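Working notes, structure below.
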Number of protein chains: 2
Amino acid sequence: MPTDRLSATFAALSDPTRRAILARLALGETSVSELAEPFDISMPAVSKHLKVLERAGLITRGRDAQMRPCKIEVNALKEADSWLEEYRRLWEQRLDRLEDYLQTLQAEEASKGKPKKEKNRGRK
Amino acid sequence: MPTDRLSATFAALSDPTRRAILARLALGETSVSELAEPFDISMPAVSKHLKVLERAGLITRGRDAQMRPCKIEVNALKEADSWLEEYRRLWEQRLDRLEDYLQTLQAEEASKGKPKKEKNRGRK
């Protein structure tokens with residue numbers, strides 16, 4: 001079981017049903033029965049997923065005993081996003097290198113004075 | 001066990017040691033023994049974590065049987081980042097609302113003709 005908050009957040013996100021529940025809650029607060037409707041799983045299974053999300057701080061539930069409406073909480077998601085942000089430079093650097101390489105290729109092509117077009121013509 | 005790639009990625013990220021391993025690998029390729037050095041865990045435990053990261057596509061390992069250097073792979077992280085991107089607007093909207101509220105407060109303050117400053121002076 002994950003003990004730190006970030007680990008609990010990532011663990012909670014490691015299930016497609018829980019991610020779908022969050023996607024629904026991103027549109028607005030809703031009751032558990034409404035939330036369960038589109039899913040082909042039992043109410044106890046939905047409740048179990050909600051408990052995992054709640055423990056990870058990804059959702060909160062209202063106090064009304066009958067309704068207990070669910071609400072998404074963005075702070076935990078934001079922490080996960082901040083963690084990933086550190087790695088964003090890795091693929092951004094890769095894209096930069098790819099762009100540099102493409103520009104080098106284009107420059108080489110231009111300095112040759114369109115030899116490719118000639119070749120293509122010859123082949124026709 | 002998570003079956004889809006995104007679930008496997010989030011599951012792999014739900015452990016502080018695995019996140020620390022990725023942080024080290026973000027600096028560059030390294031051997032397993034070098035990687036294990038700063039961690040107070042056994043080599044088999046490190047190997048187990050590496051297997052989870054490898055299965056999730058977060059790292060790849062070289063073919064050299066002795067070294068098997070580990071390398072971070074950014075694509076899986078990028079997919080997790082893309083998933084979180086959809087939710088970024090939720091906290092951005094919240095920040096916008098907070099900013100609007102602060103501006104309203106400031107405008108109200110300004111229309112009152114600096115009454116607060118007067119009060120502070122009186123207290124001194």
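What you are looking at is a predicted structure, and each value in this text was computed from that prediction instead of being measured. Naming: A, B, ... by sequence-line order, numbering from 1 per chain.
- Between A/Arg19 and B/Ser7 the shortest heavy-atom distance is NH1-OG, 3.0 Å.
- Taking B/Ala45 as the reference, B/Ile41, B/Ser42 meet the side-chain contact (heavy atoms from CB on, under 4.5 Å) condition, with sequence neighbours excluded.
- Within residues 72-87 of chain B, the residues approaching chain A closer than 4.5 Å by heavy atoms are, in numerical order, B/Ile72, B/Val74, B/Asn75, B/Leu77, B/Lys78, B/Ala80, B/Asp81, B/Trp83, B/Leu84, B/Tyr87.
- A 6.0 Å sphere centred on CD of A/Gln93 holds more than 12 heavy atoms belonging to other residues, nucleotides or ligands.
- Under the rule for a side-chain contact (heavy atoms from CB on, under 4.5 Å), the partners of A/Thr104 that lie at least two apart in sequence or sit in another chain are A/Glu108.
- Atom CG of A/Asp40 has 12 or fewer heavy atoms from other residues, nucleotides or ligands within 6.0 Å.
- With sequence neighbours left out, the side-chain contact (heavy atoms from CB on, under 4.5 Å) criterion links A/Val52 to A/Ala12, A/Arg18, A/Arg55.
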